[in-house]
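Have a look at the structure below, then the notes.
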Number of protein chains: 2
Amino acid sequence: MPATTHPMTRKAGRPRIAVPRARLVEIARRIFADNGYHNTTLDQVAEQAGIRRASLLHRFGSKANLYRELLDQVVGDLRNLVRSAFGPQADFLEALDVLGGRVVDYLGGRPGVGRMLLRELVDGGPYLEGAGIQAVQDTLEVTTAFLASGMSDGAFREQDPRQLALTIVGIHLYYFATLPSTGAFIGAEAYTAEGVAVRKAAVLAHVRSVCEARPGEERRTGAVIGRH
Amino acid sequence: MPATTHPMTRKAGRPRIAVPRARLVEIARRIFADNGYHNTTLDQVAEQAGIRRASLLHRFGSKANLYRELLDQVVGDLRNLVRSAFGPQADFLEALDVLGGRVVDYLGGRPGVGRMLLRELVDGGPYLEGAGIQAVQDTLEVTTAFLASGMSDGAFREQDPRQLALTIVGIHLYYFATLPSTGAFIGAEAYTAEGVAVRKAAVLAHVRSVCEARPGEERRTGAVIGRH
DNA sequence: GTCTATAACGGGATAGAC
DNA sequence: GTCTATCCCGTTATAGAC
């Protein structure tokens, strides 16, 4: 008895047109995002794509490889957003708003992507164990450098820039990643235009709040601010 | 051939003293926290406890049951922290600091717990699918009510209290949950007294920033603040 | 490059002795 | 309450035809 059922009766051999690689990655992205790495079977992906599991394995070598390729794309997109927003000549507060808006649009426009990314950061799955950790660290370093510049400039208040960077990333990622379980807690649908707009307004306000210098506040040099 | 190797040659029958249930849960907590639900095998837990996998299954019925019992404890602890901090008579800014400090101490003192909790929120595993979702929602509602009160009081600035609640939870959880992958990004060791103190200072400052009313700012009634 | 078929493995769960 | 022994299922990966 074969390991899986065979829903289609198709002959072996070359197909007229091969399923494009990008399409396979796109299909895999949706399914991985919905179910997580371990709860996703290659049969699910293959079925959606209309090919066999063995064919999928032939193209990508292994399940882990397919997953890596797909996450590499997401991290690359986000890294590009960060890099383009944090040019050396930028107005600091404005750059904060621009990047925040773009990131929220990116995550809000791709249900499940935030989940998948955060899951990977939490679990240290196949992607991070490879080259992915480098891309993530690089993105954090770029962000940290930008924040430190803003502090020197006086636009942002003095504090530990690495702690601040992680807080900001947390504000962005947590919300979209936990929507499946906290979605009912929010009033409206999150992945609609209005839902994304509501979150964007909140994110921009919150990120500004944790960063920007306050006129009336005394200047400190340590990491502890605002504790009296 | 048996499914697993048998490192010990022990006879069947009642042991002199049974392994306490609490100890089994504690062992399971550490391993689940390190490896996640799907990457944890009952053999790992059983081996650490010095019993067989079948014995573990006898006590808890199933792997999912064991996991639920353990996560229920963590969520219960955090919910109690939130409830005790948000009494109706509290000073708002002070309550914010007190709770933030306690939560950071809790997560900082139990490596892996933040990871496990966030993973569950992201994935919607066996715990959340049961009664867990109720406890999480309840905790969020209590927090939201507190924040709304603070806004009415004038201590916090007017904004969408639910968006604010999720931002605050994100600030707390993201950091500790992603330490395995971003730990190298921070200078010091995170789960030391100093490491926890550094994070605590940052969290208190950031949470205050996103909540507190600013003296010089005009009053708005909508959810959008700080966008010009 | 896709197919069929099968090998090999790991892990959750159960039956019954002690 | 713990053990041994077994069952059974899902998943990865490979072999070889077309």
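In what follows, chains are A, B, ... by sequence order, proteins preceding strands, each numbered from 1.
If you check D:dT11, D:dT2, D:dT12 against the side chain of A:K63, the one that comes closest is D:dT12. Taking the side chain of A:R59 as heavy atoms from C-beta on, and the options D:dA5, C:dG11, C:dG1, the nearest nucleotide is C:dG1. Here the side chain of B:T41 is nearest to one of C:dG12, D:dC3, C:dC3, namely C:dG12. Which of D:dG10, C:dG12, D:dA13 sits closest to the side chain of A:S62 comes down to D:dA13. In this structure, the nucleotide among D:dT12, C:dT4, C:dG12 sitting nearest to the side chain of B:L42 is C:dG12.
Summarising the geometry, the separation between CZ on A:R21 and C1' on C:dG1 is reported as 13 Å, rounded to the nearest angstrom. Rounded to whole Å, atom C1' of C:dT4 lies 13 Å from atom CG of A:D43. Protein atom CZ of A:F60 is 19 Å distant from nucleotide atom C1' of D:dT14, rounded to whole Å. Following rounding to the nearest Å, A:L24 (CG) and C:dG1 (P) show an atom-to-atom distance of 12 Å. Residue B:H38 contributes atom NE2, which lies 13 Å from atom C1' of C:dG11 at whole-angstrom precision. Atom-to-atom, CG of B:L66 to P of C:dA13 comes out at 11 Å; the value is rounded to the nearest Å. Atom CD in B:E47 sits roughly 15 Å away from atom C1' in C:dG11 (whole-Å rounding).
Remark: B:R68 is not positioned above the aromatic ring of B:F60, lacking an NZ or CZ atom under 6.0 angstrom from the ring centre and at most 45 degrees off the axis. Note that A:R119 lies outside the cation-pi zone of A:Y37, set by a 6.0 Å cut-off to the ring centre and a 45° limit from the axis. With A:F176 as the aromatic partner, A:R199 does not meet the cation-pi criteria of under 6.0 angstrom to the ring centre and within 45 degrees of the ring axis. Both tests do not hold together for B:R102 against B:Y106: distance to the six-membered ring centre under 6.0 Å, angle to the ring axis within 45°.
Note on A:R52: a side-chain N or O is less than 4.0 Å away from OP1 or OP2 of C:dT4.
Annotation: of the two residues near DNA chain D, B:S55 and A:Y37, the 5′-most nearest-nucleotide partner is B:S55. Checking A:L57 against B:H58, the closest nucleotide of DNA chain D that is more toward the 5' end is the one next to B:H58.
A donor N or O paired with an acceptor N or O is not found under 3.5 Å between the base of C:dG11 and the side-chain atoms of B:R53.
Using a distance-only test at 3.5 Å, with no hydrogens or angles considered, a donor-acceptor pair links the side chain of A:Q159 to the main chain of A:V210.
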